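Numbering of ligands and ligand atoms starts at 1, following listing order. A quick note: this is a predicted structure, and the numbers were derived from the prediction, not measured. The first residue of the sequence shown is numbered 1, and numbering continues consecutively from there.
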Amino acid sequence: MKIPFVTKEQLEQITAEYPTPFHLYDEKGIRQKARDLHKAFAWNKGFKEFFAVKATPTPAILKILHEEGCGVDCASYVELLLSEKCGFDGTEMMFSSNDTPAEEFQFANQLGATINLDAYEHIEFLKNLPDFVFPKTMSLRYNPGGVFAMGTKIMDNPEESKFGMTKAQLIQGIKDLQKLGVKEFGMHSFLASNTVTNDYYPELARKLFELALEIRQETGITLDFINLSGGIGVNYRPDEEANDIAKIGQGVHKAYEEILTANGIENLKIYTELGRFMLAPHGHLITKVLHLKETYRKYVGVDASAVNLMRPAFYDAYHHITVAGKEKQEATETYDITGSLCENNDKFAKERAFPEIKVGDLLVIHDTGAHGFSMGYQYNAKLRSAEILLQEDGKTRLIRRAEKPADYFATLDGFDFDN
Ligand SMILES: *Cc1c(COP(=O)(O)O)cnc(C)c1O
């Protein structure tokens, strides 16, 4: 059972002020999540979460996370710029990009962000880059190749992933960078996405800790940090069990003691770049039912569409949906819930059971706080929605206004709109 963080009464108040559709975020939940994460890794002195900006690039959200002690993980020029404008300094920025343009490396370098190199070949690229000063600390992204399998459920294919470098490249890269003046090294790896298990981080950590020992043997360098990156998932489906960050922290701690502490390494910092785990459950997409339609199936047409939440159309991802105020009613009907795009994949649910839905009902689409608004686009000249924060004091605040037609025309010549 998934329960929205707002009631129907609250939603009626909010929608009286702001038209649907909009993304709504729960400040209390976000702060609690950050605190739980920090508690789970309190055993590691240098622990830091660098929130993956791409998941929710919204200043008000980034500021809350900053207040809770998080940094940011950026992958583009504008993500760096946004983070700088939100008050993050270079020491709080990880730059985990790939296929990176020269000016983005230069900007990250200028800001003092920690650059996480995706490719061995980038070392040569940086050597030839005017104004690039090799910093004291750099990170390298590892790709072990082959297949990453954990039990039966979690599987990914690093072999065909464009990210990271081989072990031989990583070790050679450290040696090369040392000659270029780099003193401290980190290692990063991201092997599986949206893992709904408490074992992913511990298993990844174990691999990386063992590699850290090998690196020490080969190069004489003891790594300064290991970045476990993103990949801790959320229970999008109501029958899935949520990950337990306390258990995940314990699992990583155990691996740390058995592999690192046992081999005389005690000051290695653990970093994370979580996006989905931090934010997804603390966002809802709120949408209103516009039309009912019955042909070969029963359709419920809502005022949000895939432009507001791309995951169902793009990945066939499941997002749970609650009909506000009908939480306790029996699911007697079967509906497809659709948006208005001229694309048949614009469906938030397919042949799913719901209580009877009426025109005007408010639907809560769950777990949209990460990779939700941020994956939005403007197909069919649909405009981006507003984002609203439900504050800890129960009041709401508009943290991003909805786009207007004038925003759509702003990049075009010859259109004058002031609406
Ligand atoms: C997307 C991404 C993340 C965040 O992933 P989640 O699945 O949201 O946890 C972290 N690091 C890098 C390099 C990424 O590309």
Side-chain angles (χ1 to χ4, degrees), residues 25 30 33-34 36-37 40-41 48-58 61-62 65 70-80 82-83 92-100 104-105 108 113-119 122 138-144 148 154-156 158 161-165 186-198 200-201 204-205 208 225-236 240 242-243 245 248-249 252 270-283 309-311 314-315 317-319 367-375:
Y25 300 92
I30 296 168
K33 185 59 61 70
D36 291 347
L37 173 71
F41 285 91
K48 194 161 183 77
E49 151 73 356
F50 295 85
F51 176 71
V53 170
K54 72 170 191 264
T56 323
T58 307
I61 304 289
L62 297 180
L65 291 167
C70 301
V72 280
D73 159 38
C74 301
S76 70
Y77 183 81
V78 178
E79 285 183 357
L80 287 168
L82 177 71
S83 301
E92 300 169 307
M93 293 180 194
M94 188 62 63
F95 187 55
S96 291
S97 63
N98 71 95
D99 191 22
T100 313
E104 301 196 2
F105 273 131
T114 302
I115 294 172
N116 181 29
L117 284 182
D118 178 69
H122 288 352
M138 283 189 95
S139 175
L140 299 96
R141 182 167 184 166
Y142 172 54
N143 178 336
F148 179 74
I154 310 291
M155 238 208 54
D156 231 308
S161 156
K162 69 169 178 166
F163 302 111
M165 59 187 90
M187 174 167 55
H188 167 283
S189 198
F190 190 163
L191 300 187
S193 191
N194 190 31
T195 59
V196 189
T197 163
N198 295 327
Y200 168 65
Y201 255 17
L204 171 66
L208 299 182
F225 64 85
I226 281 180
N227 183 345
L228 299 174
S229 189
I232 299 187
V234 299
N235 50 327
Y236 286 107
E240 286 173 318
N243 285 329
I245 197 65
I248 292 172
V252 175
I270 303 292
Y271 292 165
T272 57
E273 291 173 343
L274 296 167
R276 191 187 315 273
F277 179 75
M278 300 301 288
L279 249 299
H282 310 300
L309 177 68
M310 195 193 211
R311 298 187 71 261
F314 199 41
Y315 308 116
Y318 182 95
H319 278 266
D367 301 312
T368 59
H371 311 294
F373 179 93
S374 62
M375 289 181 89

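Scored by the ring pair (Phe, Tyr, Trp, His ring centres under 6.0 Å) test, F190 finds no partners at all (sequence neighbours excluded). For the side-chain contact (heavy atoms from CB on, under 4.5 Å) test, residues two or more places apart in sequence or in another chain that qualify with M310 are F314, M375, Y377.
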Scan the side chains in residues 49-57 for donor-acceptor partners under 3.5 Å anywhere in the protein, sequence neighbours excluded, and list what turns up.
unit_1: E49; atom_1: OE1; unit_2: T272; atom_2: OG1; d: 2.6
unit_1: E49; atom_1: OE1; unit_2: L274; atom_2: N; d: 2.9
unit_1: E49; atom_1: OE2; unit_2: L274; atom_2: N; d: 3.3
unit_1: T56; atom_1: OG1; unit_2: G369; atom_2: O; d: 2.7

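Checking E104 against S97 by side-chain atom types alone, no donor-acceptor pair falls below 3.5 Å.
Contact record, T195 with N243: O-ND2, 2.9 Å, taken as the closest heavy-atom pair.
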Check each N or O atom of ligand 1 against all protein N or O atoms and list the pairs under 3.5 Å, with atom names and distances to 0.1 Å, one per line.
unit_1: ligand 1; atom_1: 8 (O); unit_2: R276; atom_2: N; d: 2.8
unit_1: ligand 1; atom_1: 8 (O); unit_2: H371; atom_2: NE2; d: 2.7
unit_1: ligand 1; atom_1: 9 (O); unit_2: G231; atom_2: N; d: 3.1
unit_1: ligand 1; atom_1: 9 (O); unit_2: G275; atom_2: N; d: 3.2
unit_1: ligand 1; atom_1: 11 (N); unit_2: D73; atom_2: OD2; d: 3.2
unit_1: ligand 1; atom_1: 11 (N); unit_2: S229; atom_2: OG; d: 3.2
unit_1: ligand 1; atom_1: 11 (N); unit_2: E273; atom_2: OE1; d: 2.7
unit_1: ligand 1; atom_1: 15 (O); unit_2: K54; atom_2: NZ; d: 2.7

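Around CG of N98, the count of heavy atoms belonging to other residues, nucleotides or ligands within 6.0 Å exceeds 12.
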